[in-house]
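Just so it is clear, the structure is predicted and the values come from calculations on it, not from any experiment. Numbering of residues begins at 1 and proceeds along the displayed sequence. All ligand and atom numbering here is 1-based and tracks the order in the structure.
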Amino acid sequence: MIPVPPSFIAGVQRALAHPAPGIDPWFGQYYDDLGSELGLVTYLRAKQQLLELVGGWRSVAGKRVLDAGSGFGMVSNLMAAWGARHVMALELFPPMAESHLRVLATHFPELVERISVVEGDVKQVPARSASVDLLLSIEAISHYYDVDAFLDECARVVRPGGYLLISDGNNGANPGLRRFTVDLWERYEAGPAGRFGDREVGDSMLDRRRQIIAACFPQLPPGQVRTLAEGTSGMVRDEIVRAVEEHLAGAPAPARRYRRGELPRDPLHGYVLEALFDPPELAARLARRGFEARAVPHYGGARNDLLLAANRLLRHLPGFRFARAFRVVARRR
Ligand SMILES: C[S@@+](CC[C@H](N)C(=O)[O-])C[C@H]1O[C@@H](n2cnc3c(N)ncnc32)[C@H](O)[C@@H]1O
């Protein structure tokens, strides 16, 4: 028995079966799993189990929630369906925020009044100090460029007694996952596109920079465009254009080449890809900002009760070596 209103289930099913006009095509792929009953139940169980760390799904009722890096917004929708007084869905990538708004208006009209979809960066949260009861960062912190600025903002906007809940699959304390992810970073940076482990790699960051340079400086030959793209790793669009302009005006060519072990950065939107975290260290950074914080390893359990029971036991054991994912639960002092 899943504790969600039938209107929420119906909204998800309609949103996937009849995508609202103008939504990003990635929406369907992103929520592909929710198209089957098993997938939807698993998703809801995962969120229900996650919220157990901050008082359970029932405790969401009446709360002011901030969903930091809300993507296409299904978590925000679910929080509103669970009775949140207000949810701010804060998202950096405009096509995702715009798609969220359209899906909301078309398929979840009963929730529209209680959700604000805001395009913006978590490094500067557009909310008053101490105005948030529950701040969620779900599979998003590993994409934030400026994590410290985000943590500062958490300390500012979460009210005393309120909670921050971070959930992420990039547990850097797991050596196998760390090795895989460092290889994945290289692949994201330089390609080629295609399958890598359980990930699908799209256009490389190098290609994206090459496209920016070719579009802004059509007079340059392809070989020079490639060299400049290689020398502007980690830069965003404006920085790339400035570096190339300065070079064309006589300065040395930019020499910011990618080195193994660095995080790839999307040059168009500025997010990073799959940053790794040492969970206890992340909790310590929150403790220094006025939170009572603890890191919890996560071993799964959304699909099956045996694994859930094991997860509930294992998460009390010290050590993060074997867990793929982690959560950080923090209460503002
Ligand atoms: C993997 S998605 C997760 C989305 C959603 N939380 C979920 O659980 O489905 C991560 C999201 O974080 C967003 N993001 C990355 N950096 C951000 C930032 N600095 N500020 C706001 N959103 C950001 C990305 O655009 C992306 O939509």
Side-chain angles (χ1 to χ4, degrees), residues 12 15-16 23-34 39-40 42-51 65-82 84 87-101 103-104 115-127 132 134-154 157 164-170 181 184 188 198-202 205 208 234 236 263-277 298 302 324-328:
V12 173
L16 288 167
I23 68 163
D24 192 286
W26 191 28
F27 176 86
Q29 282 159 266
Y30 193 85
Y31 291 127
D32 187 34
D33 285 352
L34 308 193
L40 183 54
T42 304
Y43 181 85
L44 293 171
R45 273 171 54 101
K47 301 304 174 270
Q48 190 188 354
Q49 290 165 16
L50 178 64
L51 287 171
V65 178
L66 196 143
D67 184 5
S70 49
F72 289 116
M74 207 55 86
V75 167
S76 294
N77 301 349
L78 180 59
M79 295 303 123
W82 274 339
V87 183
M88 180 190 288
L90 180 59
E91 171 55 42
L92 182 72
F93 189 41
M96 289 182 111
E98 285 155 21
S99 299
H100 183 191
L101 266 176
V103 169
L104 195 54
I115 301 180
S116 317
V117 181
V118 178
E119 260 176 52
D121 193 320
V122 299
K123 73 178 182 191
Q124 210 167 16
V125 174
V132 172
L134 174 62
L135 199 156
L136 299 172
S137 171
I138 301 190
E139 298 309 324
I141 193 168
S142 48
H143 299 284
Y144 304 160
Y145 180 64
D146 192 344
V147 171
D148 277 309
F150 164 67
L151 301 180
D152 288 343
E153 282 295 76
C154 291
V157 301
L164 161 64
L165 180 55
I166 297 171
S167 152
D168 203 85
N170 287 301
T181 307
L184 179 65
Y188 275 133
D198 60 348
R199 306 304 173 99
E200 195 59 43
V201 176
M205 301 304 122
R208 293 178 197 192
V236 290
L263 266 175
R265 189 176 185 203
D266 172 75
L268 288 171
H269 304 285
Y271 57 79
V272 295
L273 288 144
E274 314 299 349
L276 290 165
F277 291 90
H298 181 69
R324 180 177 181 128
F326 70 92
R327 281 85 170 90
V328 171

**OP:** Considering the heavy atoms of F93, write down every atom of ligand 1 situated less than 4.0 Å from one of them.
**Re:** 25 (O)
Original post:
Does OH in Y145 sit with more than 12 non-hydrogen atoms of other residues, nucleotides or ligands closer than 6.0 Å?
Top reply: no
Original post:
Are any of the N or O atoms of I138 closer than 3.5 Å to those of ligand 1?
Top reply: yes
Original post:
Hey, what do you get for OH (Y144) to CG (L92), rounding to the nearest 0.5 Å?
Top reply: 10.0 Å
Original post:
Please state which protein non-hydrogen atom is closest to atom 5 (C) of ligand 1 and give its distance, to 0.1 Å?
Top reply: G69 O, 3.4 Å
Original post:
Among protein heavy atoms, which sits nearest to atom 20 (N) of ligand 1, and what does the distance come to when rounded to 0.1 Å?
Top reply: V122 N, 3.0 Å
Original post:
Within the structure, does A140 bring an N/O atom to less than 3.5 angstrom of an N/O atom in ligand 1?
Top reply: no
Subject >> For atom 7 (C) of ligand 1, closest protein heavy-atom neighbour >> reply: Y30 OH, 3.5 Å
Original post:
Quick one: which of A68, S76, G120 has a heavy atom closest to atom 21 (C) of ligand 1?
Top reply: G120
Original post:
How close do A127 and L66 get, heavy atom to heavy atom, and via which atoms?
Top reply: CB-CD1, 4.4 Å
Original post:
Could you go step by step and tell me if L135 and V125 meet the side-chain contact (heavy atoms from CB on, under 4.5 Å) rule?
Top reply: CA-CA 11 Å; L135 199 156; V125 174; 5.7 Å; no
**OP:** Report yes if some N/O of Y145 lies less than 3.5 Å from some N/O of ligand 1; otherwise report no.
**Re:** no
Subject >> ligand 1 N/O within reach of S70 N/O, cut-off under 3.5 Å >> reply: no
Kindly list each side-chain donor-acceptor pair under 3.5 angstrom involving residues 67-75, sequence neighbours excluded, with atom names and distances?
residue : atom : partner : partner atom : Å
D67     : OD2  : S76     : N            : 3.3
D67     : OD2  : S76     : OG           : 2.7
S70     : OG   : L90     : N            : 3.4
S70     : OG   : L90     : O            : 3.4

Original post:
Under the 3.5 angstrom rule, does the side chain of H143 hit a backbone N or O of V272 as a donor-acceptor pair?
Top reply: yes
Could you go through residues 23-30 and list every donor-acceptor pair under 3.5 Å that involves a side-chain atom there, pairing it with any protein atom two or more places apart or in another chain?
residue : atom : partner : partner atom : Å
D24     : OD1  : W26     : N            : 2.8

Original post:
D121 heavy atoms, cut-off 4.0 Å: which ligand 1 atoms fall inside?
Top reply: 18 (C), 19 (N), 20 (N)
Original post:
What are the atoms of ligand 1, with element, lying closer than 4.0 Å to any heavy atom of G71?
Top reply: 4 (C), 27 (O)
Subject >> Protein contact to atom 14 (N) of ligand 1 [nearest heavy atom, distance to 0.1 Å] >> reply: L92 CB, 4.1 Å
Original post:
Would you say V75 has any N or O atom under 3.5 Å from an N or O of ligand 1, going by distance alone?
Top reply: no
Subject >> Protein heavy-atom partner closest to atom 15 (C) of ligand 1 - residue, atom, separation in Å >> reply: H143 CB, 3.6 Å
**OP:** Please check if any side-chain donor atom of N77 sits under 3.5 Å from a side-chain acceptor atom of H100, or the reverse.
**Re:** yes
Subject >> R327 side, atom CZ; S167 side, atom OG - distance, nearest 0.5 Å >> reply: 4.0 Å
Original post:
What part of M96 sits under 4.0 Å from ligand 1 if we count only heavy atoms: the side chain, the backbone, both or neither?
Top reply: side chain
**OP:** Determine whether any heavy atom of F72 lies closer than 4.0 Å to an atom of ligand 1.
**Re:** no
**OP:** Verify side-chain contact (heavy atoms from CB on, under 4.5 Å) between E91 and V118, making sure each step is shown before the conclusion.
**Re:** CA-CA 6 Å; E91 171 55 42; V118 178; over 6 Å; no
Subject >> Among E91, E139, E274, closest by any non-hydrogen atom to atom 13 (C) of ligand 1 >> reply: E91
**OP:** For E119 and E98, work out which heavy atoms get closest and say how close.
**Re:** OE2-OE2, 3.4 Å
